[in-house]
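Read through the structure below, which is laid out as structure tokens, and then see the notes.
Side chains are part of it too, since the values below use all heavy atoms of this structure and drop only hydrogens, waters and symmetry mates. Just so we're on the same page: letters track the sequence lines, and every chain starts at 1.
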Amino acid sequence: MLKVDGIDVFYGDLQVLWNVSLEVRENEILVLVGANGAGKSTTIKTISSLLRPDKGRITFNGHRLDQEPAHKIIGHGIVHVPEGRRLFTQMSVEENLIMGSLHGEAKPKRLETMAYVYELFPRLKERRKQLGGTLSGGEQQMLAIGRGLMSLPKLMMFDEPSLGLSPILVQNIFGIIKKISQEGVAVLLVEQNVMQTLKMCDRAYVMENGRIVMEGPGPELLENAQVKEAFLGI
Amino acid sequence: MKKYLPLILLILLIIFPLIGRDDYHRHLMILVLMWVVIGTGWNIIAGCTGQVSFGASAFFGVGAYTAGLFSFKLGLSPWWGLAVSGLVCMALAFPFGWISFRLRGPYFALVTLALGEILRHIATVWESLTGGMVGILIVQTYVSKVPYYYMVLALAILSVVGVKVIMGTKWGYYFLSIREDQDAAESLGINTQFYKMLSLNISAFITGMVGALYMVYMGFIDPKVVFSLHDISIMAILVGIVGGVGTIYGPVVGAFIMVGLQEFFRTGFFGLFKWLGAVTDAQAVKVAAKYVSEAHVLGFGILVVLVILYLPNGIVGDWGKIIGAFIPRRKKEVQR
């Protein structure tokens with residue numbers, strides 16, 4: 001459904017992505033792994049149109065995305081759960097969720113979706129009047145995911161959802177992501193937590209220095225000697 | 001009690017001309033209310049939308065010159081200028097915002113700083129239009145200050161209530177989300193460029209209106225007064241910070257305090273130094289009396305340092321903290 005075709009991205013004069021191509025298919029969990037600074041976050045920021053590629057094209061179900069302004073992207077059904085949560089800290093949990101459903105068909109279904117999000121994260125329901133900034137790290141991540149779900153996405157992109165969470169919470173969050181994908185939402189997951197994500201995903205791309213260096217089914221990559229050496233230290 | 005506070009203040013302000021019968025106090029109150037409007041204008045773009053602006057003087061000055069030039073050049077009543085000044089300022093805010101909202105954070109603040117300064121120079125140099133440093137002098141319509149008082153009060157109420165209403169609607173939420181995290185807001189489908197423009201235009205509109213009101217009230221303007229960086233732009237920021245950035249009533253409180261403080265210094269601690277000088281007849285006190293009236297900037301500086309250190313959310317934002325300092329909080333019973 002999402003096709004990224006040979007994009008080059010620059011920060012000013014500095015090129016950070018070289019000819020990156022990838023594809024996300026319906027209903028799958030796709031993982032983008034790589035070390036710090038490999039260009040994973042840049043890739044999904046470019047898909048969200050927060051950055052513009054100098055070369056190449058990005059299409060989603062046939063619509064070209066790379067020329068559109070960032071605020072139009074969500075209308076196509078793509079939502080970006082940004083790194084470090086990026087909540088509206090001075091708004092309540094409920095207001096944060098409402099901010100996720102400003103668009104098209106998501107708006108009239110707001111209450112239904114909110115009930116679904118609360119079902120997924122009962123913790124958020126308990127704290128719905130609390131300010132976003134006063135939640136714990138795990139709860140904030142839940143809220144960020146909930147806010148993303150509020151737009152009824154077809155594709156959800158997660159940027160390092162495990163960042164700064166305890167191992168048990170990481171398990172929890174990955175479980176939720178799996179559940180979301182089973183509901184029929186395609187998932188593009190950017191992670192440094194290579195071991196766990198490769199186990200749970202359908203397919204994966206490995207990035208290095210702004211280039212895609214490998215692709216394949218998760219378990220296969222997990223067995224790959226090069227991946228093992230680079231990321232797992234085995 | 002706290003709920004009725006704005007209402008009580010409003011009633012006091014409405015009956016004020018009956019209490020304060022001398023022109024001096026009426027003049028001071030007009031200034032306070034003008035600062036309420038300017039502070040509110042600054043607060044909506046900088047406090048609520050997070051785009052810190054040093055450009056209050058630009059819109060204030062353009063509003064004032066609009067009213068002035070209507071009389072000076074077109075020979076019309078300056079009140080026509082008052083009617084259109086808000087729109088003229090929006091006409092300035094449009095191209096300015098369209099270009100400069102590509103910048104973020106300190107860079108945007110710097111551009112607004114430049115805008116005010118550029119306009120000040122234009123008003124100074126373009127003598128054939130603005131009269132340059134000589135300024136514009138018009139004949140005031142009313143001798144009494146009461147009509148002006150009620151006009152500026154109406155504008156102040158309109159802007160404060162207007163901002164309160166706006167912040168409760170979806171625009172307000174969009175503004176806040178832009179302040180909190182621009183990228184996240186953009187990703188959630190908010191056209192940040194559009195809503196920043198909207199916020200800037202509201203700010204420009206009310207600041208321009210009060211600028212024009214200043215013209216018709218004072219009867220005299222020159223570029224140094226109305227495009228002043230420290231007397232308008234910085235003062236607007238101080239009103240916002242002292243009162244409470246991003247709060248509805250912050251600029252109201254801030255305006256009272258800042259104008260009060262300015263007057264306190266300008267009159268040499270309400271005449272204290274003059275009196276001391278007369279009593280002691282000491283040369284040192286007389287010299288001090290001369291300089292203390294110019295030391296209001298120092299007073300502002302100290303106040304801002306104190307506010308930022310102890311009340312980072314301003315007086316309104318940290319009201320609970322202030323109350324807590326005076327009234328020992330009752331400890332809540334621990335539930336077992």
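Checked for salt-bridge contact, A:D5 and A:R64 miss the test: no charged N lies under 4.0 Å from a carboxylate O.
Enclosure of atom CD in A:E105 is not indicated, since only 12 or fewer non-hydrogen atoms of other residues, nucleotides or ligands lie within 6.0 angstrom.
Ranking A:R147, A:M150, A:H80, A:K72 against chain B, the residue ahead of the rest is A:R147, based on heavy-atom pairs under 4.5 Å. In terms of non-hydrogen atom pairs under 4.5 Å with chain B, the most contact-rich of A:K45, A:Q90, A:H103 is A:Q90.
Looking at A:L50, only its side chain comes within 4.5 Å of chain B, counting heavy atoms on both sides. The parts of A:T89 that come within reach of chain B are both its backbone and its side chain, each placing non-hydrogen atoms under 4.5 angstrom from that chain.
A donor-acceptor pair under 3.5 Å is formed between the side chain of B:K321 and the backbone N or O of B:Y310.
Between A:M157 and the options A:V81, A:V187, A:L188, a side chain to side chain contact (heavy atoms under 4.5 Å, CB included) holds for only A:L188.
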